[in-house]
Amino acid sequence: YLNQYLSGSYFKTNRTLHLRKLNLMVQNGETIPIDLTITQIKDEESCVLGYVFAFRDIQYRISAEIKMSKMLKLENLLRESSQRLITFQIDEALLSMLTQLGKMLSLDRILIVQQTPSLKSQVVACWQKRGNPKKIDLDQELAELGQQDFTASFKKQPITIITPSANQKTKYLTAILAPLVISDKLQGLAIFQYKKIQTISDEDINAIQLTSSIISSALKRQEYESNLAALNQSKNDFVSIASHQLRTPLTSIHWMVELLRKRIDKLPDKEREYLDLIDSAVDRMIILVNDLLCVSRIEKGTAELENEQVDFVEIIETAINDTKGQLQEMDSSIEFINNTTDSRSKVAAHKKSLQQIIMNLLSNAIKYSPDHSIIKLELNSKDNLIQFSCQDQGIGIPEAQQSRIFEKFFRAENTARTETQGSGLGLYICKSFIEAMQGRIWFESQENQGTTFFISLPRLEPEKEPNMPEVIIAEDEKTLQLALE
């Protein structure tokens, strides 16, 4: 290997040769990593007298480089894993982290054990080096580790390294146990196991401590999400039951008011005004109850919207007709520009839900605009989409609050000045329904100048008539010839 340098032309232009990371075999047959420096020695007449070989043992440097590389990989793994455990499904992200950690630390198995509220231990995650994890007898595993009651074992020491006694039969000869602290209580163990007796470095201990902290945070998040889901379910059940119970008496009151109006012709004006107030209040309550029921179905996932062919123009014209009374009260008007043709105004949507959406947007536009306003509606066909817009001349939405406009029960601060009634559920329902129909809703707004809401939905192409071959019937050869010409 060296002759190619010593007998060649290398030293004609250079006096020193540096060779990195060679393996040198020593007398006992072992090899050690070295750096080699060869320097040529010449006399005054430039005659070569010999060479100086300098061997540098680099075992410790390479060991340090390997440790540093391993630490950097572990650091990146733990950083990425902590982010994945926040943004992805916990089970999937946890198993991915354990798999990579097990390979980096040359482990044979990792068990994550958690204590349930009934004080029973269960395995929540398992990785092993070879093969799929089999059913684990957790009681036996903990007994072999002497950790039947692990909650009492970790009050003073954060990490425990266990090696079995000579007469103890076990598959894993080294185990590292790290506590999992959730909500300031010891509720689990992370068990890292080797099949051989292993020397554990300080770096590995630090990595295991960090891993146990990350897993504790993930399990804490899982506990919070589980509790939150249970609370949401209870809330949805209550809203659903309460809304159903409210709707029946409200409907009865509404019809009783209508009967009173028809049967009592000569009511004084004051009494008629009271009836109108009752009717108006009942209408608002019915709308609120219906919105609550709608939100409950959305959050339970029971609001199944089956798309069908719907004429968007027909939906808009129906909404305009239904808001005539509201427009007359405000002395306002609607301008509708239809830039589509009959064959290009069909969309795939749930008809009843689309009616509710357009009615909600149009009603809001009228409600939040001053008297004598013009509400502009426009329908366009673009590519494979139908786009609808509803522009008002109202109070607009403050820029700082625009990001929250589709949240449940949210109403912008400036709505208080208009003294308009509302539950803050309408736009949340609109967004949920539109997205369920594979559409999109967005808006543009400037405070005190107005707001424009946009909706886009997939357009249905008109069905094409099949291309039928042309058939020519001729009575004689001369007729056929003329037809073909």
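Atoms considered below: every heavy atom in the structure, side chains included; atoms not considered: hydrogens, waters and symmetry mates. The structure presented is a predicted model; accordingly, all values stated were derived computationally and were not measured.
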Quiz item: If you count the non-hydrogen atoms of other residues, nucleotides and ligands that lie under 6.0 Å from NZ in Lys103, is the total more than 12?
Solution: no
Quiz item: Is any side-chain heavy atom of Phe410 less than 4.5 Å from a side-chain heavy atom of Leu427?
Solution: no
Quiz item: Are Asn338 and Phe312 close enough that some pair of their side-chain heavy atoms sits under 4.5 Å apart?
Solution: no
Quiz prompt | Non-neighbouring partners of Lys376 that pass salt bridge (Lys or Arg N to Asp or Glu O under 4.0 Å), sequence neighbours left out | solution = none
Practice problem: For Leu425 and Phe409, run side chain to side chain contact (heavy atoms under 4.5 Å, CB included): C-alpha distance rounded to whole Å, both residues' side-chain angles, the deciding distance at 0.1 Å, then the answer. | Solution: CA-CA 5 Å; Leu425 293 172; Phe409 302 109; 3.6 Å; yes
Self-check item: Asp383 side chain to Leu385 backbone, donor-acceptor under 3.5 Å
Solution: no
Self-check item: Spatial distance of atom CD1 (Ile214) from atom CG (Leu180) [nearest 0.5 Å]
Solution: 12.0 Å
Practice problem: Could you check Thr340, Asn339, Ile455 and say which one makes a side chain to side chain contact (heavy atoms under 4.5 Å, CB included) with Leu379? | Solution: Thr340
Exercise. Answer yes or no: is there a donor N or O on one side and an acceptor on the other, between the side chain of Gln402 and the main chain of Ile397, under 3.5 Å?
Key: yes
Quiz item: Going by heavy atoms in the side chains, are Ile208 and Leu105 under 4.5 Å from each other?
Solution: yes
Exercise. Kindly indicate whether the side chain of Glu413, heavy atoms from C-beta on, has any atom under 4.5 Å from the side chain of Pro398.
Key: no
Quiz item: Which atoms form the tightest heavy-atom contact between Asp311 and Ser345, and what is the distance?
Solution: OD1-OG, 3.3 Å
Quiz item: So Ser96 and Gln100, side chain to side chain contact (heavy atoms under 4.5 Å, CB included) or not? Walk me through it.
Solution: CA-CA 6 Å; Ser96 174; Gln100 294 180 68; 3.3 Å; yes
Quiz prompt | Closest heavy-atom pair and its distance - Pro179, Leu189 | solution = CA-CD2, 4.2 Å
Quiz prompt | Which atom of Gly396 lies closest to which atom of Thr451, heavy atoms considered | solution = CA-OG1, 3.4 Å
Quiz item: With sequence neighbours excluded, what pairs up with Gln438 under the side chain to side chain contact (heavy atoms under 4.5 Å, CB included) test?
Solution: Pro458
Quiz item: With sequence neighbours left out, what residues match Phe192 under ring pair (Phe, Tyr, Trp, His ring centres under 6.0 Å)?
Solution: none
Exercise. List the atom of Leu107, the atom of Trp127, and the distance in Å for their closest heavy-atom pair.
Key: O-CH2, 3.6 Å
Quiz item: Any sub-3.5 Å donor-acceptor pair from Thr174's side-chain atoms to Lys196's backbone N or O?
Solution: yes
Quiz prompt | Polar side-chain atom of Asp57 near backbone of Ile32 as donor-acceptor pair, under 3.5 Å | solution = no
Quiz item: Can you tell me how far OG1 of Thr99 sits from CE of Met104, rounded to the nearest 0.5 angstrom?
Solution: 11.5 Å
Quiz item: For the side chain of Asp35 and the backbone of Lys21, is there at least one donor-acceptor N/O pair under 3.5 Å apart?
Solution: yes
Quiz item: Is the number of heavy atoms from other residues, nucleotides or ligands within 6.0 Å of CD (Glu399) greater than 12?
Solution: no
Quiz prompt | Asn360-Asn364 side chain donor-acceptor pair, cut-off 3.5 Å | solution = yes
Quiz item: Just wondering, do Phe388 and Leu457 contact through their side chains at under 4.5 Å, heavy atoms?
Solution: no
Quiz prompt | Heavy-atom check, side chain of Leu24 versus side chain of Leu22, under 4.5 Å | solution = no
Practice problem: Quick one: pull up OG in Ser363 and OH in Tyr368 and give me the separation to the nearest 0.5 Å. | Solution: 9.0 Å
Quiz prompt | Note, Lys351 side chain near Ile315 side chain (heavy atom, < 4.5 Å) | solution = yes
Quiz item: If we only count heavy atoms from C-beta on, is the Ile191 to Tyr172 side-chain gap below 4.5 Å?
Solution: no
Exercise. Verify the neighbour count for atom CZ of Arg61: are there more than 12 heavy atoms of other residues, nucleotides or ligands below 6.0 Å?
Key: yes
Self-check item: Heavy-atom pair of closest approach, residues Gln356 and Ile429
Solution: NE2-CG2, 3.8 Å
Quiz item: Side chain of Ser369, backbone of Ala365: donor and acceptor closer than 3.5 Å?
Solution: yes
Quiz prompt | Rounded distance (nearest 0.5 Å) linking atom CZ of Arg440 with atom NZ of Lys431 | solution = 10.5 Å
Exercise. Evaluate the ring planes of Phe454 and Trp442, with Trp represented by its six-membered ring, and classify them as parallel (under 30°), tilted (30 to 60°) or perpendicular (over 60°).
Key: parallel
Practice problem: Spell out, as yes or no, whether a donor-acceptor pair under 3.5 Å connects the side chain of Asp108 to the backbone of Lys129. | Solution: no
Quiz item: If every non-hydrogen atom of Leu361 is compared with every non-hydrogen atom of Cys390, which pair is closest and at what distance?
Solution: O-SG, 3.9 Å
Quiz item: At what distance, to the nearest 0.5 angstrom, does CD1 of Ile38 lie from CZ of Phe53?
Solution: 4.5 Å
Self-check item: Stepwise side chain to side chain contact (heavy atoms under 4.5 Å, CB included) check, Ile34 with Arg56
Solution: CA-CA 5 Å; Ile34 62 162; Arg56 181 177 292 106; 5.9 Å; no
Quiz item: Do the side chain of Ser216 and the main chain of Ser212 share a donor and acceptor less than 3.5 angstrom apart?
Solution: yes
Quiz item: How long is the gap from CG on Leu354 to CD on Glu308, to the nearest 0.5 Å?
Solution: 10.0 Å
